[in-house]
J.: 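First, the structure itself, so that you have it in front of you.
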Number of protein chains: 2
Amino acid sequence: MSQARERGIPDATVARLPLYLRALNGLAERATATVSSEDLAVAAGVNSAKLRKDLSHLGSYGTRGVGYDVQYLIYQISRELGLTQDWAVAIVGVGNLGRALANYGGFVSRGFRVAALFDADKGVVGERLVGMAVDHIDELESVIDTRGVSIVVIATPATAAQQVADRVIAAGITSILNFAPVVLTVPDGVDVRKVDLSTELQILAFHEQRKADRETGSPIMAETWAEAMDA
Amino acid sequence: MSQARERGIPDATVARLPLYLRALNGLAERATATVSSEDLAVAAGVNSAKLRKDLSHLGSYGTRGVGYDVQYLIYQISRELGLTQDWAVAIVGVGNLGRALANYGGFVSRGFRVAALFDADKGVVGERLVGMAVDHIDELESVIDTRGVSIVVIATPATAAQQVADRVIAAGITSILNFAPVVLTVPDGVDVRKVDLSTELQILAFHEQRKADRETGSPIMAETWAEAMDA
DNA sequence: GTACCTTTGTGAAGCTATGCACAAAGTGCG
DNA sequence: CGCACTTTGTGCATAGCTTCACAAAGGTAC
């Protein structure tokens, strides 16, 4: 009975599906045929009731008294995420980060194919990476079109990111993964996900500070605004 | 009246503070003295009521009828996040990603300092990056100790990540930023944040597929399990 | 000082997500 | 076949987050 199937899997659930998929692939490698929600939940690091509820949004793919068939569940999650088809990804900005992304094995293994690389620096254009020549940013629209790119990764400096976004959106792209530390302004219907390296560190620093404060018993640093401004 | 001040800023709020900080720094560069919650919310891409409630968790730092003093708010958020102190960060794994992280300017500019680099490959050890020699992983514990490292970034292959985590935790580290695509098992009191590049792409693919399905009017791909297994 | 304008800070309502706890459904053994 | 055991799928209570809407507070002009 999956009336929840059509129209709307919760975002929180969608965000966890890749996690389950990874755990399942690990089990598959060790030739495990079936797995209980309890065991899979441990492998994925979540609560088992949550895992069952997440999976129930996709349909009723388990067998009571037995668990889930690993291969079958891998297939169902992959299909739901759209990984049974091939996605052509373009990376804009071939600096340190762009190179790391192009070389990252996790992309290819999950149905994503790096189909184009772009940079504004003529010194980089023409260079070959993972069997792919870097194109000049001027070619952006035409290459996106001819190679059927549907997802763009922005790995440019912050100053160039909005401009790149505007251009790829004009070229018909509606899914962007943004590594540049800026808030992109995009029209409705365009999905942007952002990964911000320094944000994550800042969140860690917050918790680390909390731990330190608790240990020393000091309430919160008592330094005043005026004192800090003197420095 | 900020009784919410002591004990517990919501996680969702903490996760947004770096975003506000970035928007504020943008305003400060353009010499803006004060900003309303409405304008700052637009710059950060959030709802203004949410922004006000987030800031109210830190204290009552605005002026009714005027808005927030940009410099003062930057200071308060920085202090709350623990960025007024200097954090020594170690990066383990100097592959493509590790290099990108070491070179990433956003770290240094926010109170984070790359204090150590480690790799298991003797060919990489000794190499200099951002004025810092790469140490061998055997030195992990001693270097963490002598250089006062308090946050560790794991940028190793998946297979090495848990082992690295175990070792740094044994060395006293309680904050880890993990780029390896594995679920790390850690004791209570240790904070792990993870950044998974392929997870983000998978979430985008999900939404992209939804959009494509809606356009063509097709319900959901009708391919069956048996058909897919033939391929 | 008063009247008017702007903008904050927050109570309250609504929405989403989490986790417990259990009935329903399946397996397997004697 | 029936009984004991396992494990799913989900109703329900709770917790947390978001958004609205507005009173309270401060600024400015005259």
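Lettering of chains follows the sequences in order, A, B, ..., and the numbering in each one begins at 1.
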J.: With rounding to the nearest 0.5 Å, note down the distance linking CZ in A:Phe206 to CD1 in B:Ile77.
T.: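 The CZ atom of A:Phe206 sits 12.0 Å away from the CD1 atom of B:Ile77.
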
J.: Does the side chain of A:Thr174 pick up a donor-acceptor pair with the side chain of B:Glu208 at under 3.5 Å?
T.: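 Looking only at side-chain atoms, B:Glu208 and A:Thr174 do form a donor-acceptor pair, the distance falling under 3.5 Å.
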
J.: For A:Thr13 and B:Glu38, find the nucleotide of DNA chain C closest to each by heavy atoms; which residue's nucleotide sits nearer the 5' end?
T.: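 The residue mapped nearer the 5' terminus is B:Glu38.
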
J.: Give, ordered by number, those residues of residues 21-36 of chain A having at least one heavy-atom distance below 4.0 Å to an atom of DNA chain D; if nothing qualifies, reply none.
T.: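 Those residues whose heavy atoms fall under 4.0 Å from DNA chain D, taken from residues 21-36 of chain A in numerical order, are A:Ser36.
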
J.: Angle between the end axes of the helix from C:dG1-D:dC30 to C:dG30-D:dC1, five pairs per end, to the nearest 10 degrees?
T.: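 The two end axes of the helix from C:dG1-D:dC30 to C:dG30-D:dC1 meet at 10°.
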
J.: Side chains of A:Tyr20 and A:Asp54: do they bring a donor and an acceptor to under 3.5 Å?
T.: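 Yes, A:Asp54 and A:Tyr20 have a side-chain donor paired with an acceptor closer than 3.5 Å.
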
J.: Can you name the closest pair of heavy atoms from A:Ala158 and A:Val182 and give their distance?
T.: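 Heavy atoms only, the tightest pair is CB-CG1, 3.7 Å.
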
J.: Can a salt bridge be assigned to the pair B:Glu38 and B:Arg52 using a cut-off of 4.0 Å between side-chain N and carboxylate O?
T.: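 Between B:Arg52 and B:Glu38 there is no salt bridge, as every charged N stays at least 4.0 Å from the carboxylate O atoms.
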
J.: Judged by modelled atom types alone, do A:Gln76 and A:Tyr72 share a side-chain donor-acceptor pair under 3.5 Å?
T.: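 Yes, a side-chain donor-acceptor pair sits under 3.5 Å.
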
J.: For D:dG9, does OP1 or OP2 lie under 4.0 Å from any side-chain N or O of A:Tyr68?
T.: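 Looking at the OP1 and OP2 atoms of D:dG9, one of them is under 4.0 Å from a side-chain N or O of A:Tyr68.
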
J.: Measuring to OP1 and OP2 of D:dG9, would you say a side-chain N or O of A:Ser60 lies under 4.0 angstrom away?
T.: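 So the side-chain polar atoms of A:Ser60 do come within 4.0 Å of the phosphate oxygens OP1 or OP2 of D:dG9, strictly under.
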
J.: Which atoms of nucleotides 19-23 of chain C (N or O only) lie under 3.5 Å from a protein N or O atom, and what are those distances?
T.:
{"from": "C:dG19", "atom 1": "O6", "to": "A:Lys53", "atom 2": "NZ", "distance (Å)": "2.4"}
{"from": "C:dA21", "atom 1": "N6", "to": "A:Arg52", "atom 2": "NH2", "distance (Å)": "3.3"}

J.: Counting only side-chain N and O atoms of A:Thr63, is one of them less than 4.0 Å from OP1 or OP2 of C:dG26?
T.: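 Answer no for this pair, as no side-chain N or O of A:Thr63 is under 4.0 Å from OP1 or OP2.
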
J.: Would you kindly give the CG-to-P distance between A:Asp11 and C:dC15, to the nearest whole Å?
T.: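 It works out to 16 Å between those atoms.
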
